[in-house]
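When reading the values below, keep in mind they use all heavy atoms of this one structure, side chains included, and skip hydrogens, waters and symmetry mates. Numbering of ligands and ligand atoms starts at 1, following listing order.
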Amino acid sequence: MRMLAVFALALASCAGSDVRQDILRSLEKGLVAAPEPNASEAGAAILRAGGNAVDAAIALQFALAVTFPNAGNLGGGGFMLVHTKDGETSFDYRETAPAAAHRDLFLDAKGDVIPGMSLDTAKAAGVPGTVAGMALAHKRFGSLPWERLLEPAIRLAEEGWTLDAWSARSFASQRRNNSADYLTGKAGERFVQKELAATLRRIAEKGRDGFYAGETARLIVEEMKRSGGIIALRDLARYEAKERKPVEGSYRGHRVVSMAPPSSGGIALLQLLNMLERHDPPLLGFHSAEHLHLVAEIEKRVFADRSEYLGDPDLYPVPVARLTSKEYAAERAKPISPAKKTAPGDVTHGALPREKEETTHFSVVDRWGNAVSNTTTLNGSYGCGIFVRGAGFLLNNEMDDFSAKPGVPNMFGVIGREANAIAPGKRMLSSMCPTFVFKEGKLWLVLGTPGGPTIFTTVFQVIVNRVDFGKTLAEAVAAPRFHHQWPPLGKDADPISFEKPPADAVKAALEKLGYAVHVRGRIGDVHAIEIVRAVGFHGERAVVPVGACDPRGMGRTASE
Ligand code: GLY
C-alpha cells in the first residue's frame, strides 16, 4: 500500500512530459542519470554490487571514456561534487597548462592569435586530470576495490559495444588529425577498442600511476613528439587533482551548492539566482518578453564579472564571497529597467573567449542518500582530434579555455583578461556547474549539463523552471531554453539565442528593446535526479529518486 502511494506520487510528479525517464519501483535503491545507456548501466551495476554513489560515478566516468568518446574521457578533466551525511565537497580534476606553455603560446610573430591552434593541434591539450580525479575521489569515499570499478569499462572496450546511429554518424563526421583511424564502424556494428582496454587495465592495476607514469605516460609523450605537443613526463608526474570547498548560496529558501573556481559555473549560477530572486518570474510569465529581457540583463552582468574576476584560484585571488553575496547582487541588479536594455558597450570591462559546448554530465544517488553530480569534458567534441597512438584515447583541447591573448581582441572580436591568461601549471577557467539543491535541509535536486558558456545559464533555467514555474523535474529539463551572454557573439549588437523561435509578439517586443532574436541548435544535455520525499499511508517517510534525462540527448537512467 505504502509503495503504491509513493509510486503514484512519483508518477504524478512526471505527468505530462515527453522526457524519457525511469521511476524506481522500489524504495531504498540508487539511481543514475547519464548521457549514454551503456555507461548508465555500468554505474547502476556498481550500485547493485553494493557500491556507493562515488563508486558508481567512478565506474560511469571510465565507461563514458569508452562509449561516449566525444566528451567522456581519460584524456580530459572535469569536476565532481559529492554529498554525504557529512556535507558536501568537490574534486577538481581540471586539466593544467604544461610547464612549457606560456601566455603567447597561440600567437604568431606579429602577436596575432593563430586560428585553430588552441583547438586542433597537440598544443591544444592540457595535462589530463580525469584519472587523478577518480583516484582521489576513490581514496576519499570509495567503498569497493578500485579494480572492480574499472571492470565495466574494460569489458566495454575489450568486448565492444554496439554502435548506435547517433555515434556512427558522429564518428563519420570526425576527420581531424588521427581521429578517423580510431572512430570507425557503422550503426549496429560492434566497436572494439583493444588499445583503450589495455590502458584501462594498467589504470586498474596501478591506479594513477597506470596513467601518469610507466607505459601510458610514455605513449602520451611519444604522441606529443609525433604531433608537436608540449606535455612532458614531468607534467604528468606532477599533475594533482584537488579537493575543494564548493560554493554555496540560496534561492527562495533552497540551499544551492555548486562548483567553486577554477570553474566559473557555481559562482555564475549563484549570481544569476541572487539577482533573479529580487523578482517574481511567474508574474512576468514563462518566456514572456519581460521575463526574457530581465534574465538577459542579469546574464550580461554575470558574464562581465566572470571575465574580469574568475580564473585559477591557486594563482589568482577570486573574490568568491563578494561575488556570491546577496548585497552584491542587489547593487549589480539596481540599474536593470524593464523598459530599457543595457547596451553591451555600457556593461563593465572584460570579455570572454569563445567556449566549446561538448562537455557531458551525469548524476548519481545511492540507497544511503549519498550523491554525485559530475561534469567532465575534452572541451570540443572529440577534443583536439588526436588519439594517443598505442593507448587508444583522445586528448583534450582545453587550452582553448584560457584567454589566448589577454587584453587584446581575439579572432572572435572578444577580449580575455589577466585572471585567465596562460601560465605553466595553471588551470584554465571553466563554466562547468555540477550542482545540488536542498529543500528544507534535505537533498532535493542533483543536476548539471554540458554547453560551454550555456552550462550555468541552463542549470539556472532548470532550477527556476522547477522552483518558480512549478514544472516537474522532467518538464523543467524538457522546456525550451534560451541563452544570452556578454559580450555579444557574432555580428549582431545584442543577440538572444533560442532553441525554438519565440512567439511573434515576444520576438517583436524583444526587437523593440534592441535585441536580435537568433534561433540556434540545442542548448545543453541535462541529466538530473530529484529526491521525492513522501509520507506514506502509515505515516512513514518514503524517499524516491526520480531521474530526468534530457530529450535533447540519448541519455538514460538506470536503477540499482
Ligand atoms: N570546456 C568547457 C568548460 O570547461 O566549461
With a cut-off of 4.0 Å, which atoms of ligand 1 are near a heavy atom of N379? 1 (N), 2 (C)
Would you call D401 and R94 a salt bridge, taking side-chain N to carboxylate O under 4.0 Å as the test? yes
Between E398 and ligand 1, find which residue part has any heavy-atom pair under 4.0 Å and reply side chain, backbone, both or neither. side chain
Quick one: sort the F79 and Y93 rings into parallel, tilted or perpendicular, breaks at 30° and 60°. tilted
Check: V32 and L60 side chains under 4.5 Å, non-hydrogen atoms: yes
So which bit of R94 gets within less than 4.0 Å of ligand 1, heavy atoms only: side chain, backbone, both or neither? side chain
Less than 6.0 angstrom separating the ring centers of F303 and H483, yes or no? yes
